[in-house]
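Single-structure report; data block below.
Letters A, B, ... are given to chains in the order of the sequence lines, protein chains preceding strands, and every chain is numbered from 1.
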Amino acid sequence: MILSLVEAPAEAVPFFVDLLTYKRNRDRFVDLSGVRRITPDAIALLLAIVKFLDQNYGINVSGNYPSDETAIEVIRESGFVEYLHTSMTKPANASGQIIRQDLSVDSKKANGQFAKRLIDFASDGLPAGKLRLKSCYGHLLECMGNTHQHAGSFPGEKTWWASVFRDKVRGCDCFTFVDMGVGIFNSVELSLRLKMYNLVGWLKPMILKKLLGGEIPSSTGKGYRGRGLPSILNSAKAGGLQRFVICTNDVYADTLADDFRSLPRELRGVVLYWEVSHECA
Amino acid sequence: MNVLDAVLELNIAKEFTSTPGPRFIDEGKFSGEEFRQTLLKRKFEEALRMSVTLRIDLDGGYGYGPSFLEEAFGGLAREYGADLVRRTLTFKSDEEPLLTRDIYGYISRAAE
């Protein structure tokens, strides 16, 4: 299988939903042996779920690695192994880094120091350096702020993970942000309005499209709020990103391709993924 | 001294932080609200007293989320009025030229 929310969401989402269908104190085994391709977004989400099950429900997750050598190498390079007990060793100059909200530094809040770590990692050694990634820093802050404000039933309830993977073959940086909350359509703000949108015939993919387009007003009633996700899409459309994908609940959007669709299963939380070319200045 | 030529400077990366944060103080460190309350307002009022322009230098940091910028400059416009803020502030953003356009938009739409 292809384990990738970005490339094969209809296949990947059921895999992650099944993994999240836990029974308290019953250990899980993740069988990756049939995975012939895995992408950084899926690795970040897999790690987030494994840690979520361990820390919240005491569920020990073990597993194996893909049989495909390239897939193993992507996992090794991603930063995945830093968080796990595994015999796999981390390479000296890994291509990826994964970070999580460090509650000892700043309890469940948006913090520029976290975003800085990813930007420093991704910009190291490239000619345009940090300038190339200034908008990405802002995107990460907006995502953190959204998790803090909207992901749970009260501010700061839910946590996030984020990663960057320097894809040397394709010449781009792949950013993933995993919001471990309820997802956009189950957020307190939007869930109250879903029935109204359904009445006027809007299906979820269309609602997400309008949300990203800034056509759905913020639940605060203040027109100047709720600009975080639209600003990422605007940046993508202006050429700052070469891809911007969102997967939340049972909706997938590859925004620049104008591909908004429903998924067969509902994934909790939000996964945002974007790519920045190494040539982009 | 020609008043129009006189300028006060505020370099965000040097005088506040190179890693700006979210919108509100209770969301995280170095927020737009904190910037406005602790530094921007003071400089803005100083510029008003001196009848000079306040030039905001946005370069040198890691970047900005739109929520930070909206809360800082849109918030200033909600307090002092968009016209006065537009007349008093200028911006330098060589590293992200489109930021200036975005900020003027936040100032114009601040009262929505």
Contact listing (chain A partner; residues 31-47 of chain B; heavy atom under 4.5 Å):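 Near chain A, by residue number: none.
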Tell me which pairs pass salt bridge (charged side-chain N to carboxylate O under 4.0 Å, His left out) where either residue lies in residues 59-68 of chain B, with sequence neighbours left out.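 Matches after skipping sequence neighbours: B:Asp59-B:Lys92.
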Under the rule for side-chain contact (heavy atoms from CB on, under 4.5 Å), what residues qualify as partners of B:Asp83, not counting sequence neighbours?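 B:Asp83 satisfies side-chain contact (heavy atoms from CB on, under 4.5 Å) with B:Arg86, B:Arg87 only.
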Which residues pass the side-chain contact (heavy atoms from CB on, under 4.5 Å) test with A:Lys134, not counting sequence neighbours?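 side-chain contact (heavy atoms from CB on, under 4.5 Å) list for A:Lys134, sorted by chain: A:Leu131, B:Glu95, B:Glu96.
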Are any side-chain N or O atoms of A:Glu142 and backbone N or O atoms of B:Ser67, one a donor and one an acceptor, separated by less than 3.5 Å?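 Present.
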Return the minimal non-hydrogen interatomic distance between B:Thr19 and A:Gln113, and the atom names on each side.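 Residues B:Thr19 and A:Gln113, closest heavy atoms: OG1-NE2, 3.3 Å.
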From B:Glu27 atom CD to A:Thr147 atom OG1, the distance as rounded to the nearest 0.5 Å: 11.0 Å
Interface moiety of B:Tyr62 toward chain A, non-hydrogen atoms closer than 4.5 Å: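 For B:Tyr62, the contact with chain A is made by backbone and side chain together.
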Should we count NZ of A:Lys237 as having more than 12 external heavy atoms under 6.0 Å?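 For A:Lys237, atom NZ is not crowded (no more than 12 foreign heavy atoms under 6.0 Å).
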Taking atom CG of B:Asp94 as the centre, report whether more than 12 heavy atoms of other residues, nucleotides or ligands fall under 6.0 Å from it.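 Yes, enclosed.
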